Amino acid sequence: MTIRFYNTLTSRTEEFASIEPQTVRMYSCGPTVYDFAHIGNFRSFLFADLIRRFLELAGYDVQHVMNITDVGHMTDDAVADGAGEDKMQVAAQRIKEDKKSGKVPEGAIDNPDDPYQIARYYTNAFLDDARQLGLKVAFEYPDNILHATEQIAPMQEMIARLIDRGHAYVGGDGVVYYSVESFPAYGRLSGNTLDHLHSGAGGRISEEHQAAKRHPADFMLWKPDSHHIMKWDSPWGPGYPGWHIECSVMALKRFGVDTIDIHTGGEDLIFPHHECEIAQSCGATGADYFARFWMHARFLLVEGEKMSKSKGNFYTVRDVLEGRVTGRPVHPSVLRYELLKSHYRSNMNFTVKGLQDSAGAVKRLQDFRSRCEAASSGEVAEVANSHPVIREFIDALSDDLNISAALAVVLPWAAETPADPAEALGVLREINSVLAVAPIDLELGGTAAPADDEDANVQALCRQLDEARARKDWPTADEIRKQIIDRGYNVHTGRDGTTAERPLA
RNA sequence: GGCGCCGUAGCCAAGUGGCCUAAGGCGACGGAUUGCAAAUCCGUUAUUCCCCGGUUCGAAUCCGGGCGGCGCCUCCA
């Protein structure tokens with residue numbers, strides 16, 4: 001089996017091989033925790049999860065690390081004074097308003113002016129969302145998901161090393177900058193080489209900032225700023241680290257190697273973030289590569305448009321799951337499937353209709369599983385990867401994560417009635433270890449929707465319906481069935497009586 | 001303007017020179033089944049791959065040119 005991935009670094013699809021046989025070290029840029037993560041963020045995180053789970057099925061031991069950016073960086077809004085705002089302060093302001101409107105529950109954040117409380121609140125929200133959607137690394141918190149604010153010392157060590165090695169300097173404004181001219185490979189990932197940056201820079205850069213730097217493309221490693229809401233002592237004065245440095249540090253520190261196998265993120269991170277990470281990491285270690293494979297997920301569109309708060313199509317995971325997008329609750333596995341079903345390097349258009357389509361596919365897989373379980377009395381056979389269905393599934397994903405071809409293997413197969421249900425369950429277990437939608441995650445238990453009063457009421461109606469049917473009182477039976485459907489349930493009358501369940505979306 | 005992805009049915013989307021008069025899913029439609037439904041099963045659903053040229057015996061697939069969509073293009077994140 002040959003695994004091939006598209007590598008942003010070379011702009012080509014290349015054969016994947018890990019540096020150390022059987023082990024893959026993968027780093028994914030994680031969320032900022034100033035607000036709830038949105039579905040676009042999760043498309044990127046789930047793309048990384050797909051790589052990880054696929055490689056595991058293919059036999060690798062995958063070590064997956066992600067960061068949480070909780071340092072209060074600055075906004076990119078060009079406000080009047082040209083300095084931007086502290087993101088944590090912006091969040092604090094918003095939270096005060098959200099508390100009044102109830103969007104942030106009472107007691108969740110006692111003191112919005114405490115950035116650590118804000119970070120903790122949104123970190124927990126992220127982890128909840130991530131676990132619901134079956135993001136495997138979220139179950140490895142805090143071992144494999146690291147907070148930037150807990151890595152300040154190693155960041156300072158790396159900055160000091162970069163200064164020693166001639167890759168960084170203290171500018172005229174006291175800020176520590178990375179010298180891009182000291183790193184000839186700068187621009188290799190994004191194509192934004194120093195020549196191109198010169199010609200494309202235009203008049204967007206303010207004169208005073210440039211004066212402090214040796215080259216316009218030099219970027220910040222440490223900013224002394226005694227007014228910043230989160231600050232730490234450093235050899236360069238109290239302040240805070242640059243945005244890029246945390247990822248370089250965490251990846252190298254957590255893995256203990258100079259070169260990792262895969263680095264993932266959203267396509268917006270290619271430049272400047274990942275370009276700068278490479279410059280920092282390779283500058284500090286002297287290695288030729290920071291990561292061998294750079295893989296980027298394309299942006300998510302919503303109903304054909306870029307997701308933005310001003311357009312009102314800016315959805316968080318909980319907006320979708322709690323029904324604020326479709327008008328009814330959506331099962332997490334449906335959202336997972338929806339965000340996973342398009343190729344990661346294509347435009348993914350998130351739509352209400354697409355979500356409903358995904359619900360159909362997920363239900364098909366879940367029903368298949370139920371039918372097999374009933375037929376096999378729960379027995380699950382051990383199957384090897386050489387099984388034809390698993391073989392084809394892996395082959396499809398081996399081709400740069402061709403998820404559509406992989407689903408085209410699974411779905412027709414799951415439409416058949418298997419000759420050997422125990423074997424089918426074994427196959428499904430392997431396939432579901434990657435898809436994780438039927439159920440959301442086999443190994444990790446998954447999240448069953450909690451039964452509530454409404455469920456109990458509906459169960460009672462099902463019994464009444466059965467009684468009416470036993471009397472052949474069809475008008476009453478039809479009336480009850482209609483009531484159950486009106487409550488938003490799907491009804492099924494079978495050999496063993498009537499059952500009702502909530503639709504997946 | 002620079003760099004980079006991409007453009008196949010109502011929607012998602014496979015296919016990367018001949019087995020393509022183009023997978024698979026969702027949806028839709030017709031039928032079987034059902035007291036009626038649901039589920040399930042069977043069948044139908046692109047002579048055509050954004051447009052125009054070219055290469056070739058042969059192109060959705062290669063080349064050139066258009067058109068269209070998306071991302072990034074710095075010190076603030």
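Residue numbering restarts at 1 for every chain, and letters A, B, ... go by the order of the sequence lines. For the numbers below, each heavy atom of this structure counts, side chains included, while hydrogens, waters and symmetry mates do not. Bear in mind the structure is a predicted one, so any value in this text is a computation, not a measurement.
Rounded to whole Å, the distance from CD1 on A:I403 to P on B:C26 is 15 Å. If you take CD1 of A:I270 and P of B:C3, they are 15 Å apart, rounded to a whole angstrom. In this entry the distance linking NZ of A:K363 with P of B:A38 reads 13 Å, nearest Å. We find that CE of A:M348 is positioned 13 Å from C1' of B:C26, with the value rounded to whole Å. Put simply, NE2 on A:H273 is 16 Å from C1' on B:G71, counting in whole angstrom units. The interatomic distance linking A:K341 (NZ) with B:A13 (P) rounds to 8 Å, in whole Å. Rounding to whole angstrom units, CG of residue A:L300 and C1' of B:G71 are separated by 13 Å. A straight line from OH of A:Y186 to P of B:C73 spans 11 Å, rounded to a whole angstrom.
When the C1' atom is compared between B:G64 and B:A22, the two are found 26 Å apart, to the nearest whole Å. With P as the reference atom, B:U61 and B:C52 are 12 Å apart, rounded to whole Å.
In terms of phosphate contacts, A:K223 brings a side-chain nitrogen or oxygen within less than 4.0 Å of OP1 or OP2 of B:C76.
Side-chain N or O atoms of A:R487 include none that pairs as donor or acceptor with a backbone N or O of A:V458 at under 3.5 Å. The closest donor-acceptor contact from the side chain of A:N7 to the backbone of A:R292 lies under 3.5 Å.
With hydrogens and angles ignored, a donor-acceptor pair closer than 3.5 Å exists between the side chain of A:R298 and the base of B:C5. You'll find a donor-acceptor pair under 3.5 Å spanning the side chain of A:R481 and the base of B:C36, going by distance alone.
Backbone-only engagement by A:S190 is indicated by non-hydrogen atom pairs under 4.0 Å involving sugar-phosphate atoms exclusively. Residue-level contact check: A:R371 touches neither bases nor backbone, having no heavy atom under 4.0 Å from any strand.
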Taking only Watson-Crick and G-U wobble pairs with both distances under 3.5 Å, what dot-bracket line describes RNA chain B, where [ ] shows pairs that cross earlier ones and | shows pairs with another strand?
((((((((.[[[..)..(.....]]]((((((.......))))))....[[[[[..)....]]]]])))))))....

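Geometric assessment of A:R214 against the ring of A:Y177 yields a negative cation-pi assignment under the 6.0 Å and 45° thresholds.
In this structure, A:M155 and A:P241 approach most closely via the heavy-atom pair SD-CB, 3.6 Å.
Out of B:C5, B:A23, B:G35, the shortest distance to the side chain of A:R345 is found at B:C5.
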